[in-house]
Protein chains: 2
Amino acid sequence: MGNTRSAPTLDDVAKEAGVSTATVSRCLNSPERVVEKTRIRVMKAVEEMGYTPNFAARVMAAKQSFTIGAIIPTMENAIFARGLQAFQDELRERGYTLLVSSSAYKPGIEKEQIRTLVARGVDGLLLIGHEREEQIYEYLERHRVPVLIAWSYSPDVRQTSVGFSNRDAIFELAQNVIDAGHSRIAMISGFTEGNDRAQKRVVGIRDALCANGIDPDSMELVETTYEIDSGANAFVDLMSRPTRPTVVMCGNDVLAAGALRGARKMGISVPEEVSITGFDDIELAEIVSPPLTTVHVPHRKMGHKAAQELIAMVEGSSEGASTCINTHIVSRQSLAKPPKNAATNK
Amino acid sequence: MGNTRSAPTLDDVAKEAGVSTATVSRCLNSPERVVEKTRIRVMKAVEEMGYTPNFAARVMAAKQSFTIGAIIPTMENAIFARGLQAFQDELRERGYTLLVSSSAYKPGIEKEQIRTLVARGVDGLLLIGHEREEQIYEYLERHRVPVLIAWSYSPDVRQTSVGFSNRDAIFELAQNVIDAGHSRIAMISGFTEGNDRAQKRVVGIRDALCANGIDPDSMELVETTYEIDSGANAFVDLMSRPTRPTVVMCGNDVLAAGALRGARKMGISVPEEVSITGFDDIELAEIVSPPLTTVHVPHRKMGHKAAQELIAMVEGSSEGASTCINTHIVSRQSLAKPPKNAATNK
DNA sequence: TTGTAGGCGTTATCAA
DNA sequence: TTGATAACGCCTACAA
């Protein structure tokens with residue numbers, strides 16, 4: 001009755017080793033509770049048969065999967081990659097496995113993936129940004145799945161978050177920009193709908209303008225998708241308007257790289273004729289020319305911290321403590337003083 | 001006895017709708033087999049209770065998970081991101097979910113993750129490149145998990161692959177390089193151990209040298225990790241050797257971007273003093289300056305095709321048919337003729 | 001068309 | 001220290 005050519009089960013191993021399934025299970029999960037002689041015999045059988053426990057069965061029985069899920073907006077650029085890698089590294093070290101999905105910035109897809117991951121028995125979930133249907137958080141609560149929000153820090157909501165203040169971070173950058181002498185500031189932002197990170201970045205710049213006596217409504221703003229080309233197009237759009245800005249602040253480095261490309265295409269030199277800034281400080285920021293002045297986000301630190309906190313929540317040793325990660329400005333060549341006689345377009 | 005505040009099960013829904021669990025299950029999995037009136041009542045209960053099937057249980061009972069696993073070497077750069085996104089898009093459309101892990105280019109980690117994914121009941125697996133312990137393929141066969149290899153095409157092994165010929169692709173590029181007048185060619189490669197893609201790229205260049213009467217052993221070669229900085233360091237290393245190459249061919253665009261950075265640091269102008277080439281044609285290639293001459297890999301096409309074929313294998317409608325995707329050279333400014341009197345170093 | 005009941009591979013409780 | 005055995009939540013013959 002031995003199934004020679006298909007995956008062995010606990011039962012097969014038990015028979016082979018001449019013990020009960022319970023003993024095999026113990027050898028695997030709490031080896032100290034079985035006497036050495038038996039254990040050696042069992043482990044030998046496990047090795048020889050190439051046994052791997054069936055996870056589905058294990059999850060069902062143990063109601064624990066040692067698996068953490070994460071849903072990020074996109075895998076296509078490096079913005080989330082680095083933080084996520086750090087997150088995964090930390091998880092691995094602590095014996096957890098990471099399952100990743102990408103939602104393509106679509107709330108509908110994210111919702112579906114949350115259900116998929118929960119149904120799969122993840123012990124905890126990492127989500128990017130706060131804003132989503134309240135119903136989703138209720139669903140998660142009902143299923144007793146701890147959630148951690150990253151890439152955004154908000155002390156005044158009930159979800160635990162490990163992130164940074166998008167508003168404050170860009171406010172500081174905008175202050176630098178203004179201090180450099182700019183007053184005609186334009187912005188390229190990713191779509192803000194359903195994206196509190198993007199929203200806060202717009203707000204941050206507006207606030208900085210206000211704080212310096214500049215009318216925030218004078219800021220030209222283009223919202224677009226998150227690809228490089230979109231950044232290029234948005235830049236061309238902005239520079240074709242009646243009054244040219246002296247600086248274009250971008251919602252992230254990818255858009256800024258696009259803006260740079262747009263500038264090159266239009267034959268506009270950066271930063272001599274117009275300055276450009278980014279956000280995130282991913283590798284890209286240093287590679288483009290001129291390199292970007294941007295907001296440095298300590299992605300790895302955030303990833304590690306997020307993993308630690310989420311695991312603590314999963315294991316019940318924490319109720320969920322939010323952490324604010326500090327960002328800082330990195331000055332490179334893409335930001336300079338505005339040109340002396342910054343003429344209007346034409 | 002109703003559990004009000006925790007996740008509802010099939011049983012709860014059945015009770016609520018006044019039917020048996022079998023009927024609820026049918027409503028979810030083969031709605032046509034239940035009469036409309038009942039179905040509506042059941043679906044209403046499902047909606048209201050926010051029921052999500054428990055995946056572990058479903059997998060156990062049905063021995064199918066509609067889940068595909070993928071293990072990529074890294075999420076940290078865009079090399080795999082685009083193809084993987086396309087892969088996922090296609091899967092989603094066909095009703096499958098993708099689970100991704102990254103192995104950090106470590107065979108040991110990859111092996112562990114393969115077991116994890118298999119234990120989790122994935123219906124099929126996407127792996128990058130052919131080279132790994134034979135034992136792993138046996139394990140996969142034993143568990144009846146179809147595998148598809150991507151990013152590499154090899155007609156002469158038993159695994160199905162959807163990819164391209166790394167050797168031929170770079171051979172063509174090297175031929176272009178030689179045609180431009182170069183003969184002192186150096187290469188920066190990612191570590192070749194356990195990485196057939198990297199190996200084949202080295203071979204491709206060597207073959208091209210041979211084919212043009214150049215001694216392949218004259219090629220200076222540096223192997224390194226896959227980060228930008230490594231590329232920069234490797235470049236500096238190469239350019240500091242007694243005989244400077246007139247062109248540095250890189251195993252991928254990331255390394256090439258690094259080389260470019262190294263050149264900038266050394267004050268060497270590209271392509272006037274030295275040419276640099278890449279591989280992959282990710283966005284980065286177009287962004288750096290000068291933009292890279294490189295091998296264009298149709299990542300999206302590969303991702304889609306891979307998903308289609310793997311699903312066919314999973315569903316038993318294909319035994320596994322390999323596909324070779326064509327690459328082509330993209331000429332940009334980083335490759336030019338060698339300098340007139342290409343002097344040796346110093 | 002619908003319901004009953006057995007089984008999927010583990011873990012965990014309770015005895016022995 | 002070890003062994004029975006009852007869950008875990010779902011699917012699917014088979015029966016009604």
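In the text below, chain A, chain B and the rest are named by the order of the sequence lines, each starting its count at 1.
- Mapping heavy-atom proximity under 4.0 Å, the span of DNA chain C touched by chain B runs 5' to 3' from C/dT1 to C/dG9.
- A/V19 comes within contact range of the sugar-phosphate backbone alone, with a heavy-atom separation under 4.0 Å but no base atom that close.
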task: Let me see the working for A/S318 and A/E309 under side chain to side chain donor-acceptor pair (under 3.5 Å), right down to the final yes or no.
output: CA-CA 8 Å; A/S318 165; A/E309 182 57 30; 2.7 Å; yes
- request: Test A/Y105 against A/Y226 for ring-ring contact (aromatic ring centres under 6.0 Å, His included), laying out the working first.
  value: CA-CA 9 Å; A/Y105 284 102; A/Y226 290 82; 4.0 Å; yes
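- Rounded to whole angstrom, the span from the CD atom of A/E36 across to the P atom of D/dT2 amounts to 12 Å.
- No donor-acceptor pair under 3.5 Å is formed between the side chain of A/S322 and the backbone N or O of A/P155.
- Contact annotation: the side chain of B/N54 never approaches that of A/V59 to less than 4.5 Å [non-hydrogen atoms, C-beta and beyond].
- The aromatic rings of B/W151 and B/F80 sit tilted relative to each other, their planes meeting at an angle between 30° and 60°.
- In terms of heavy atoms, B/G129 sits closest to B/S152 at CA-CB, 4.1 Å.
- What separates CZ of A/R41 from P of D/dT1 is a distance of 15 Å, to the nearest Å.
- Among residues two or more places apart in sequence or in another chain, the side chain to side chain contact (heavy atoms under 4.5 Å, CB included) test is passed with B/I40 by B/E36.
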field: Reading 5' to 3' through nucleotides 8-16 of chain D, protein heavy-atom contacts under 4.0 Å coded B for base, S for sugar-phosphate only, - for none
entry: BBBSBB---
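- Remark: the backbone N or O of A/I68 is not paired with any side-chain donor or acceptor of A/D123 at under 3.5 angstrom.
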